[in-house]
Enquirer: 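To start, I am sharing the structure in question, which I have written as structure tokens.
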Amino acid sequence: MLTIVFHKAGQIFTDVVQENSNLVVRAGIKQFPYPNLTYECGMGKCAKCACRIIAGAENLPVANWKEKKQLGERLTQGYRLACQLWLTHDIELSQDA
């Protein structure tokens, strides 16, 4: 089990999820981090699910082409697309309000 810490609009939400969880998929079926995660397409096309990684970035895979295209310079600022991440380690992330 993995611990996810999610920051949004001055609030902190924490939950435990199974390994290989995707936060956009979970939100879509009304599990954590629903209803706090903003997302739309779930396919890496809109970047509405962009989150800044606070801790755990070293355990994430290298950004794929969708993230590179959608996030551009924000990748160097620690942003990733939640819809493209299948989590295998604890992570702490924030999403702009």
Enquirer: Go through the structure and list residues passing salt bridge (Lys or Arg N to Asp or Glu O under 4.0 Å) with Glu92, not counting sequence neighbours.
Expert: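 Glu92 satisfies salt bridge (Lys or Arg N to Asp or Glu O under 4.0 Å) with no other residue.
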
Enquirer: Name all pairs fulfilling the salt bridge (charged side-chain N to carboxylate O under 4.0 Å, His left out) condition that reach into residues 77-86, sequence neighbours left out, sorted by first residue then second.
Expert: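 Every salt bridge (charged side-chain N to carboxylate O under 4.0 Å, His left out) pair that includes a residue of residues 77-86, provided the two are not neighbours, is Glu67-Arg80.
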
Enquirer: Residues in side-chain hydrogen bond (donor to acceptor under 3.5 Å, both in side chains) with Asn59, at least two apart?
Expert: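 Counting only residues at least two positions away or on another chain, Asn59 forms no side-chain hydrogen bond (donor to acceptor under 3.5 Å, both in side chains).
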
Enquirer: Going by the rule salt bridge (Lys or Arg N to Asp or Glu O under 4.0 Å), which residues pair with Lys48 if we only count those two or more places apart in sequence or in a different chain?
Expert: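 Only Glu40 meet the salt bridge (Lys or Arg N to Asp or Glu O under 4.0 Å) criterion with Lys48.
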
Enquirer: Could you walk me through whether Leu85 and Leu60 pass the side chain to side chain contact (heavy atoms under 4.5 Å, CB included) test, one step at a time?
Expert: CA-CA 8 Å; Leu85 301 177; Leu60 296 175; 4.1 Å; yes

Enquirer: Among residues two or more places apart or on two chains, list those pairs meeting salt bridge (charged side-chain N to carboxylate O under 4.0 Å, His left out) that have a residue in residues 8-29.
Expert: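 Matches after skipping sequence neighbours: none remain.
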
Enquirer: Linking Ile, Leu, Val, Met, Phe, Trp and Tyr by side-chain heavy atoms under 4.5 Å, what else ends up with Val25?
Expert: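 Besides Val25, the cluster holds Trp86.
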
Enquirer: Contact between Val16 and Ile4 at the side-chain level, heavy atoms closer than 4.5 Å - yes or no?
Expert: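 Counting from C-beta outward, Val16 and Ile4 never come under 4.5 Å.
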
Enquirer: Using side-chain contact (heavy atoms from CB on, under 4.5 Å) as the criterion, list what pairs up with Arg74, not counting sequence neighbours.
Expert: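 With sequence neighbours excluded, Arg74 shows a side-chain contact (heavy atoms from CB on, under 4.5 Å) to Ala47, Ala50, Leu71, Gln77, Tyr79, given in chain and number order.
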
Enquirer: Could you pull out all residues at least two apart from Gln18 that satisfy side-chain contact (heavy atoms from CB on, under 4.5 Å)?
Expert: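 Expected list: Met1, Ser21.
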
Enquirer: Side chain to side chain contact (heavy atoms under 4.5 Å, CB included) between Thr38 and Asp96: does it pass, once the steps are laid out?
Expert: CA-CA 9 Å; Thr38 300; Asp96 300 337; over 6 Å; no

Enquirer: List in chain and number order the residues that pass side-chain contact (heavy atoms from CB on, under 4.5 Å) with Asp90, two or more places apart in sequence or in another chain; answer none if no residue qualifies.
Expert: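 Listed in chain order: Leu2, Thr3.
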
Enquirer: Looking at every heavy atom in both Gly28 and Tyr39, which two are closest together, and how far apart are they?
Expert: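 Gly28 and Tyr39 have their closest heavy atoms at CA-OH, 3.2 Å.
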
Enquirer: Kindly work out whether a path of hydrophobic side-chain contacts (I/L/V/M/F/W/Y, heavy atoms less than 4.5 Å apart) joins Phe13 to Ile54.
Expert: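 No, no single cluster joins them.
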
Enquirer: Mind checking who shares a hydrophobic cluster with Ile12, ILVMFWY linked at side-chain heavy-atom distances under 4.5 Å?
Expert: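 So far as hydrophobic clustering goes, Ile12 is joined with Val5.
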
Enquirer: Heavy-atom distance under 4.5 Å between the side chains of Ile91 and Ile53, does that happen here?
Expert: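 In short, these two side chains touch, coming nearer than 4.5 Å.
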
Enquirer: Holding to side-chain contact (heavy atoms from CB on, under 4.5 Å), I want the full list of residues that pass it with Cys51, two or more places apart in sequence or in another chain.
Expert: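 By the side-chain contact (heavy atoms from CB on, under 4.5 Å) rule, Cys51 matches Phe6, Leu37, Ala82, Leu93, Gln95.
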
Enquirer: Is the shortest heavy-atom distance from the side chain of Val24 to the side chain of Leu81 under 4.5 Å?
Expert: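 Of all side-chain heavy-atom pairs linking Leu81 with Val24, none is under 4.5 Å.
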
Enquirer: Of all the heavy-atom pairs spanning Gly44 and Cys41, show the shortest one and how long it is.
Expert: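 What the structure gives for the nearest pair is N-SG, 3.7 Å.
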
Enquirer: When rounded to the nearest 0.5 angstrom, what is the spacing between CD1 in Ile29 and CD in Gln31?
Expert: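 Here the rounded value is 4.0 Å.
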
